[in-house]
Amino acid sequence: MKVIIDNQSGFCFGVVYAINKAESILREQGHLYVLGDIVHNEQEVKRLTQMGMEVIDHGKFRQLHNTQVLIRAHGEPTETYKIAYENNIQLIDASCPVVLRLQNQIRQVYQQMKHQDGQVVIFGKSNHPEVVGLRSQTNYEAIVIQSIEDLDKIDFSRPVALFAQTTKNLKLFYQIVSEIGKRMKQTMGQEQVPFQYYDTICRQVSHRDRELQNFCKHKDVVLFVSGKKSSNGKMLYGVCKQVNPNTYFISSPEEIDFSWFSPDDTVGICGATSTPQWLMQKVKDHLKKKFYVE
Ligand code: SF4
């Protein structure tokens, strides 16, 4: 059996930044609160927990005083900064710089839209932490759409500013852009209503689509490794499955069913932007227990 790990898969720089920050504090202090899962990968969370990381939710965060808390790559809503200030919590802000920039951009456009009676629309998953943080910049007035079916939430006779959660699918984003344009024309005829769209999809993710498509093409079986909670993982798994129907989604080596393989298969191992390289290596090692791996 030939087993190839995709060297393009693995953490994006936003996640690397947050994990490095957490690790260096844990090495020094042996304990650190992190608000929410630092990365949507159970195995990596387990590893850091063993180093002393304590994952807390927003309920627990509100009760803390005079301590340190790390904010993960997805960013946080404005209330988190307010609570930290009131409770004398030192925030170690490991929000991804790309997400922080997007938060600022949405806040500015929201102010403009208010003057024009316009609407800020975010293409994303409504309960995703990044989207919650983005909506907070608009006083939670931004409309969240997950698909074309949700477009009825928009009033097409008023101005629209469209953004995207950083991990969304690029193709779908542009389909939404074109559909909004069409519906505005249908509603308003010749009268022009401002429509601005901002392609805020992170290229660390959107380029991975194409890279993964190439990687999956000439493999007999593909193992896609990702945490079950990762939306980026689900999306990229879909990309792989489309190119190669023999693609399996696994979160840990133990989920592998050896009946998926023949001894002379070429197997590809790849993953999401939240999948650690060490986990993909463990998956390869697991295959070695059953097959002779070249
Ligand atoms: S996917 Fe992009 S925006 Fe999201 S954390 Fe990674 S680098 Fe940042």
Side-chain angles (χ1 to χ4, degrees), residues 6-24 34-45 48 53 55 69-77 80 91-109 122-137 142 144 146 162-173 197-213 215 224-240 270-280:
D6 176 26
N7 57 15
Q8 303 292 323
S9 290
F11 294 152
C12 60
F13 68 76
V15 172
V16 169
Y17 177 68
I19 289 178
N20 285 350
K21 239 181 187 173
E23 264 186 322
S24 78
V34 174
L35 191 49
D37 285 347
I38 193 162
V39 57
H40 284 158
N41 187 283
E42 302 88 358
Q43 304 290 319
E44 182 67 355
V45 169
L48 292 165
M53 177 181 78
V55 177
V69 176
L70 183 132
I71 292 180
R72 60 191 169 167
H74 295 317
E76 277 295 315
T80 300
L91 289 180
I92 299 150
D93 199 344
S95 305
C96 173
V98 177
V99 175
L100 285 180
R101 209 178 315 129
L102 175 55
Q103 287 186 348
N104 286 332
Q105 199 183 9
I106 288 192
R107 189 171 54 244
Q108 283 168 17
V109 171
I122 301 170
F123 167 44
K125 203 170 152 201
S126 56
N127 58 356
H128 189 284
E130 181 191 312
V131 175
V132 175
L134 297 177
R135 281 193 84 219
S136 79
Q137 304 297 329
V144 180
Q146 307 212 50
L162 173 72
F163 292 88
Q165 180 185 335
T166 56
T167 47
K168 292 311 276 184
N169 180 288
L170 200 57
K171 207 166 138 199
L172 194 49
F173 175 76
Y197 61 87
Y198 301 86
D199 173 357
T200 50
I201 293 170
C202 175
R203 285 343 192 220
Q204 288 262 315
V205 177
S206 62
H207 286 168
R208 209 152 280 188
D209 281 33
R210 253 174 291 146
E211 288 159 4
L212 275 175
Q213 278 167 350
F215 178 78
F224 185 86
V225 190
S226 168
K228 293 189 172 50
K229 287 193 225 165
S230 164
S231 46
N232 162 252
K234 278 180 214 151
M235 190 270 282
L236 292 177
Y237 167 66
V239 169
C240 298
C270 54
T273 50
S274 51
T275 306
Q277 277 284 335
W278 63 260
L279 186 56
M280 289 185 273

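Whatever order the structure lists them in is the order used to number ligands and atoms, beginning at 1. Quantities reported herein were computed from a predicted structural model and do not represent experimental measurements. Along the sequence shown, the residues carry numbers beginning at 1.
- Tyr197 and Phe173 have perpendicular rings, their planes meeting at more than 60° on a 0 to 90° scale where under 30° would count as parallel.
- Closest protein heavy atom to atom 1 (S) of ligand 1: Val205 CG2, 3.5 Å.
- Scanning the protein for heavy atoms near atom 4 (Fe) of ligand 1, the closest one is Thr166 OG1, 3.6 Å.
- Residue Cys96 holds the heavy atom nearest to atom 5 (S) of ligand 1 of all those in Ala272, Cys96, Ser274.
- Near Val98, meaning under 4.0 Å from one of its heavy atoms, ligand 1 places the atoms 3 (S).
- Ring-plane geometry between Tyr237 and Phe224 is classed as tilted, the angle between the planes lying from 30 to 60 degrees on a 0 to 90 degree scale.
- Arg107 and Asn104 are linked by a side-chain donor-acceptor pair at a separation below 3.5 angstrom, with hydrogens and angles left out of the test.
- Note on Cys12: counted as a metal contact of atom 6 (Fe) of ligand 1, an N/O/S atom lying under 2.8 Å.
- In terms of modelled atom types and a separation under 3.5 Å, the side chain of Glu130 and the main chain of Thr166 share a donor-acceptor contact.
- Judged by distance alone, with hydrogens and angles left aside, the side-chain atoms of Arg208 form a donor-acceptor pair with the main-chain N or O of Gln8 at under 3.5 Å.
- Which of Gly14, Ser95, Cys202, Ala73 comes nearest to atom 2 (Fe) of ligand 1 through a heavy atom is settled by distance: it is Cys202.
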